[in-house]
Each structure stands twice: as structure tokens, then as C-alpha cells.
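Structure record follows, encoded as C-alpha cells.
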Amino acid sequence: MHMPIKKVTPETEYAEIAGWVHEVRDLGGLLFFLIRDRTGILQVTAPKKKVNPAVLDVLKRISRESVVRIRGRVIAIDKAPGGRELVPDEVEILNQCETPLLLDVVEKVPAELDTRLDARFMDIRKPRITSVFLIRSEVIKAIHQFLFSRDFIHITSPKIVAAATEGGTELFPIAYFEKEAFLSQSPQLYKQMMMAAGFEKVFEIGPIFRAEEHNTTKHLNEATSIDVEVSFADHEDVMRLLEDLIVEVYTQVSNRCSEALETLSINELIIPRTPFPRITYQNAIDIAARKTKENIPFGDDIGTTAEKAIGEEMGEHYFIIDWPTVIKPYYAMPHLDSPELCRAFDLMHPRMELASGAQRVHIHELLIEQIRSKGLQPENFEFYLTPFRYGMPPHAGWGLGAERLVMTMIDLTNIREAILFPRDRHRLVP
RNA sequence: GCCCAGGUAGUGUAGCGGCCUAUCAUGCGGGCCUGUCACGCCCGCGACACGGAUUCGAAUUCCGUCCUGGGCGCCA
């Protein structure tokens, strides 16, 4: 069996490796190949006069990015990358790669994002891009471990739904036999129903679909949402959970992804410190007014320019709390003493919003009232509202954008870099 | 959806009315080269998004279409 390239050391005597031909250098009497697998790169050196002529014939036919299996002696040599190289005894071309390549995997010549996404499988072969997705995988793993260690139950909610969750965003309609259906914009209603089911602590990591025609570097039409809901908890409880989770994710990535971080030229991943600062919505719009000289009327959402100005002032992760009830969804619990404000919060990175959450309304009558006040019909949410009449505990939760978490952590400029196959206003393939 | 900037070999670019039979790099094909590591050297291959207009002449100006990047809006 072949061994991972990373495991081939100067002490290894004999190795079989399998991978892609990263580079070929023909010096006349000496032939160098760099063979790449997901763990690293190994140099294969063939002195033309010394290797078996049959092996040499095969070697001469190999094009870059072909898939090969090579067996040979490992030689410790300082002149080679990693202090070791392989002298081939047996070479097999498992699949010859066509030329020219769709883009330059070695990155001597850059490729535009659009070109890269068209040939995403090949783009991902670049060690830098592989590193992004190794880190993303570690982020997801760390979240699972963190939440399971705190006794959360993992759930899976339907992605084909009959109605909008909360209004606001546009939905993708789909044909569901003889009925109209939509792709789910959020697991919100389902995770809340699991509170009525008695699960107490649930989480889901899954796709959400938004049919907004936005065209920015931080929006996707299909994104990955990390959703959490907790019974007998309020907004403060789940904010603490969220900041602890962020710190845990950064810590695990820092501990377990040092090579990937190095590949991305991130020398030290700075782990945020808890507690994250909390500022009220009023504070936020005051900061924005001072820095941008433009007033946000109370009750308006915070636009991109204001968001950036506030982020610049804060300079680290922070929460915006005490939002006006009018701009948050109907399921956000109003403050008892000042119902124009609610127990909703947004988790912000200086660059953008990462998560939003709230203590939820668990009182049936209040929920009906709030749904009506948003201009929605309670009749359309019957399946969701019924549990509130039969023992719904108080609860709170949040939704965190996985792509935004990854992109802000490793400083990607475009959210499309943080997902394998982005879906945006114009891209549906691959 | 609005605004701005773009679309030139496989990839990334230069050229912005005649010096264009279109630059350079990388790549690809061929040749030389026994320690490369962005190997080097020689020869060759390969492109003006599409449609219309202006002009003696258009890659270059204008109009339309399609596509891309960025900013904003919407949204998370």
C-alpha cells in the first residue's frame, strides 16, 4: 500500500507513494518530479543512466497533474526538499492528465476567482486552497466536539418547507408534486419545536437558502448555518455559549492546523478573549453617527458603511444588544420593561456580522400578536404555533454563518473562497 | 437592483485610431543540459467576448447584448 507523503522521512528506506505530478524538471541527465498528495510534496529523482530504461520511458511520458503511483528507495539528501527523495524502481501512470491545464496549480501565474471556480476541483489542488478547506473542516469538527461536550443533541431539519420562516428574505420556490414548496431559509422554527419536544439543547449545521439578488463578497444564496437552541436559557446564556464556542474554534484551529495556517502565511492565529464587549444598538448607531457623519434613525438597520465604522472602532469581536423590536423577527422576546427593545443580539466581527440570536417568545398569545404586527398571518404557521399551546419552555438560541466564521478567521477577502462550490446570483455550475 | 471598472493565446497581462503580421510571463511541442527546487539556454505553437455603427483604416471610438470584478442596496 502507498504511504502518505508526509510520512516519508529521511529515515524511510523504501516507499510507495500515490499522488499528482506537481512539477516536472528535466535537466538532461537528471529528471526531477515533485509528487503531491494531500499531506505534502515529495521529490522523485531519476538519473537517466541509472534507472531502468522501461521506467525511464514511462517517466518521459508523464504530464503535469497526472495521477501516478511510484515505488522506490528513499534517500536522505540535503539537496532535496524535506531532506529526502525517492529514486524510482516502479512507476505507474494511473491516469494521464490532459494539457494545457485549466489553471496553473503551481501558482506561477495567478488565476481570477471566476476562472478558479469554473475549475474548482483543480483550484483546490493548490496547497493554499486545500488549507482553507482543511481549516474549515477543523472548524466544523471543533463545533461538533464543543457542543457534544456540552450535551447538545444533533438534529436535522427539513430543507423543503411549505412556508417562509420569518418573512424578510426571499425564498426559492420549488415544485413539490402538486404543491408549492420552498427551500428552507433557516431551521429556526424546527429547532424551536424541538424545545417543545423536550430536547433542551439542540444544534444543526446545514444549508440555508436565500433568494436575495445580492451581489457582494459576503453573501451567498446557499450558505451553511450553525444553529443552536437551548431551553430554560435567556439571551445572556446563549451569548456566553456563543463566545465560548468562538474561542474554542479558534483555539482548536490554532492547535491542530498549524501547517495549514503556515501555508496561508498566518504566523499566529489571534484567539479572541471573552467576554466580548457588548454595546447596545443605541451605542452602535451613535458610534456610526460620530464616525460617518450620517445619522441612522432609531429602528433602521445598520448599513454596510456604518457596520464597518463601528467595527473599526471596536477592533475585535463584539455583541450588539438591545435591538429595536421592529427590526428583529417576531420570535425575538421583547424586554418586559421596555417592549420597544428586544432580547436579540448580533455577534459582530470588525468586518461583518457573524451571528444573530435572541431569547425567543415562548408565550403563545404574545407570539400571535408579534406575527400579526409584522404583517404575517398566524394561520400560515399553525404547525409551528401549536407546540406553544402545549408546554413550550422558555428558550433562546442563535444562528452562526459558517462561511463568515471561516472567512473572518483566516482573512479571506471573498466569501466564495470559504465554500467549495459557491451559489451566487449568477453561478449555478459547478 | 443601482454605481464604477473591466472582457486580448490554456493561465495572467501589455497595447487604447495607422507604428499590430498584437507585448511580456507562464504553459504547450521540439532540441541541448547530471542536483533542479519559479532550473537555464535555443527554436516553434497559441488570443483581440458577441452583434451592429463611425472611419480611408478599429483590439483601440460609439451603441446594444452577454459575461466578470469591486462598491452600495437588499439580506444573514
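Just so we're on the same page: letters track the sequence lines, and every chain starts at 1. This is a predicted model, so every value here is computed, not measured.
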Leu27(A) near the nucleic acid: base, sugar-phosphate alone, or nothing, with a heavy-atom cut-off under 4.0 Å?
base

Can you list the residues that meet the ring-ring contact (aromatic ring centres under 6.0 Å, His included) rule with Phe203(A), with sequence neighbours excluded?
His144(A), Phe148(A), His154(A)

Using atom C1' of each nucleotide, how far apart are rG6(B) and rG12(B) to the nearest Å?
15 Å

Under 4.0 Å between any heavy atoms, over every strand shown, what does Glu107(A) touch: base, sugar-phosphate, or nothing? Just pick one.
nothing

Name the nucleic acid region contacted by Lys48(A), choosing base, sugar-phosphate or nothing; use a 4.0 angstrom heavy-atom cut-off, strictly under.
nothing

Over all strands shown, is Ala355(A) touching base, sugar-phosphate only, or nothing at heavy-atom distances under 4.0 angstrom?
nothing

Any N/O donor-acceptor pair, Glu112(A) side-chain to rU11(B) base, under 3.5 Å:
no

Kindly write out the residues that satisfy ring-ring contact (aromatic ring centres under 6.0 Å, His included) with Phe146(A), not counting sequence neighbours, or none if the list is empty.
none

Answer for the Watson-Crick or wobble partner of rG46(B), both distances under 3.5 Å, is none

Could you tell me how far rA58(B) sits from rC19(B) if I compare only their P atoms? Round to whole Å.
11 Å

Validation row: Ile160(A), Pro158(A) side chains within 4.5 angstrom (heavy atoms)
no

As a test of reading the structure: which of rC75(B), rG27(B), rU68(B) is closest to the side chain of Lys108(A), going by heavy atoms?
rG27(B)

Applying a 3.5 Å limit to both distances, which nucleotide forms a Watson-Crick or G-U wobble pair with rU34(B)?
none

Sugar-phosphate only, base, or nothing, as touched by Pro81(A) at under 4.0 Å among non-hydrogen atoms:
base

Could you measure between the two P atoms, the one in rG31(B) and the one in rG70(B), and give it in whole Å?
44 Å

Is there a donor and acceptor pair, one atom on the side chain of His426(A) and one on the base of rC67(B), closer than 3.5 Å?
no

Between Glu340(A) and Thr325(A), a side-chain donor and acceptor under 3.5 Å:
no

May I ask you to list the residues of residues 285-299 of chain A, by number, that have any heavy atom positioned under 4.0 Å from an atom of RNA chain B?
none

How far does the C1' atom of rG64(B) sit from the matching atom of rC20(B), given to the nearest Å?
27 Å

Look at Arg210(A) and rC74(B) and indicate whether a side-chain polar atom (N or O) is within less than 4.0 Å of OP1 or OP2.
no

Of rU36(B), rG12(B), rC75(B), the nucleotide closest to the side chain of His219(A) is rC75(B)

Report the residues that fulfil side chain to side chain donor-acceptor pair (under 3.5 Å) with Glu403(A), sequence neighbours left out, ordered by chain and then residue number.
Arg136(A), Thr224(A)

Quick one: Glu307(A) CD to rC74(B) C1', roughly how many Å, whole number?
13 Å

Give the rounded distance in Å between these two atoms: CD1 of Ile41(A) and P of rA38(B).
12 Å

Taking the same atom, C1', in rA47(B) and in rG27(B), what whole-Å distance lies between them?
14 Å

Between Glu243(A) and His317(A), do the side chains contain an N or O donor and an N or O acceptor separated by less than 3.5 Å?
no

Under a 3.5 Å limit on both distances, the Watson-Crick or wobble mate of rG18(B) is rC56(B)

Anything under 3.5 Å between a donor and an acceptor, one on a side chain of residues 408-430 of chain A, the other on a protein residue two or more places apart or in another chain? List them.
from, atom 1, to, atom 2, distance (Å)
Thr408(A), OG1, Arg404(A), O, 2.8
Thr408(A), OG1, Leu405(A), O, 3.2
Asp411(A), OD1, Arg351(A), NH1, 3.3
Asn414(A), OD1, Arg416(A), N, 2.9
Asn414(A), OD1, Arg416(A), NE, 3.0
Arg416(A), NH1, Asp424(A), OD2, 2.5
Arg416(A), NH2, Thr216(A), O, 2.5
Glu417(A), OE1, Arg116(A), NH2, 2.8
Glu417(A), OE2, Arg116(A), NH1, 3.0
Arg423(A), NH1, Pro430(A), O, 3.1
Arg423(A), NH2, Leu428(A), O, 3.1
Arg423(A), NH2, Pro430(A), O, 3.4
Asp424(A), OD1, His426(A), N, 2.9
Asp424(A), OD1, Arg427(A), N, 2.7
Arg427(A), NH1, Asp118(A), OD1, 3.0
Arg427(A), NH1, Val429(A), O, 3.0
Arg427(A), NH2, Asp114(A), O, 3.4
Arg427(A), NH2, Asp114(A), OD1, 2.7
Arg427(A), NH2, Asp118(A), OD1, 3.2

For Leu34(A), which contact category applies under a 4.0 Å heavy-atom criterion: base, sugar-phosphate, or nothing?
nothing

What's the gap between rC42(B) and rC37(B) when it is taken at their C1' atoms, as a whole Å value?
23 Å

Could you list the residues that satisfy side chain to side chain donor-acceptor pair (under 3.5 Å) with Glu107(A), not counting sequence neighbours?
Arg128(A)

With a 3.5 angstrom cut-off on both distances, give the Watson-Crick or G-U wobble partner of rA5(B), or none if there isn't one.
rU68(B)

On the side chain of Glu85(A), is there an atom forming a donor-acceptor pair with the base of rG35(B) - under 3.5 Å, no angle test?
yes

Please name all residues satisfying ring-ring contact (aromatic ring centres under 6.0 Å, His included) with His22(A), sequence neighbours left out, ordered by chain then number.
none

Using the C1' atom as the point on both nucleotides, what is the distance between rG46(B) and rG10(B), in whole Å?
9 Å

From rU34(B), rG10(B), rG12(B), pick the nucleotide closest to the side chain of Pro100(A)?
rG10(B)

Specify the separation, in whole Å, of atom CZ of Phe32(A) and atom P of rG40(B).
14 Å

Grab the N/O contacts between the protein and nucleotides 70-72 of chain B below 3.5 Å, and write none if there aren't any.
from, atom 1, to, atom 2, distance (Å)
rG70(B), OP1, Asn414(A), ND2, 2.9
rC72(B), OP1, Lys308(A), NZ, 2.8
rC72(B), N4, Asn215(A), O, 3.1

Using ring pair (Phe, Tyr, Trp, His ring centres under 6.0 Å) as the criterion, point out the one residue from Tyr331(A), Phe388(A), Tyr330(A) that pairs with Phe381(A).
Tyr330(A)

Report the nucleotide, chosen from rU68(B), rA25(B), rG35(B), that has the shortest atom-to-atom distance to any side-chain atom of Val109(A).
rA25(B)

Leu412(A) CG to rG69(B) P, in whole Å, measures 16 Å

Scan side-chain atoms only and decide if Thr9(A) and Glu11(A) contain a donor-acceptor pair under the 3.5 Å cut-off.
yes

Gap in Å between the two P atoms, one belonging to rG73(B) and one to rC67(B), rounded
24 Å

Sorted by chain and number, sequence neighbours left out, ring-ring contact (aromatic ring centres under 6.0 Å, His included) with Trp398(A) holds for none

Mind checking who rG12(B) pairs with, Watson-Crick or G-U wobble, both distances under 3.5 Å?
rC24(B)

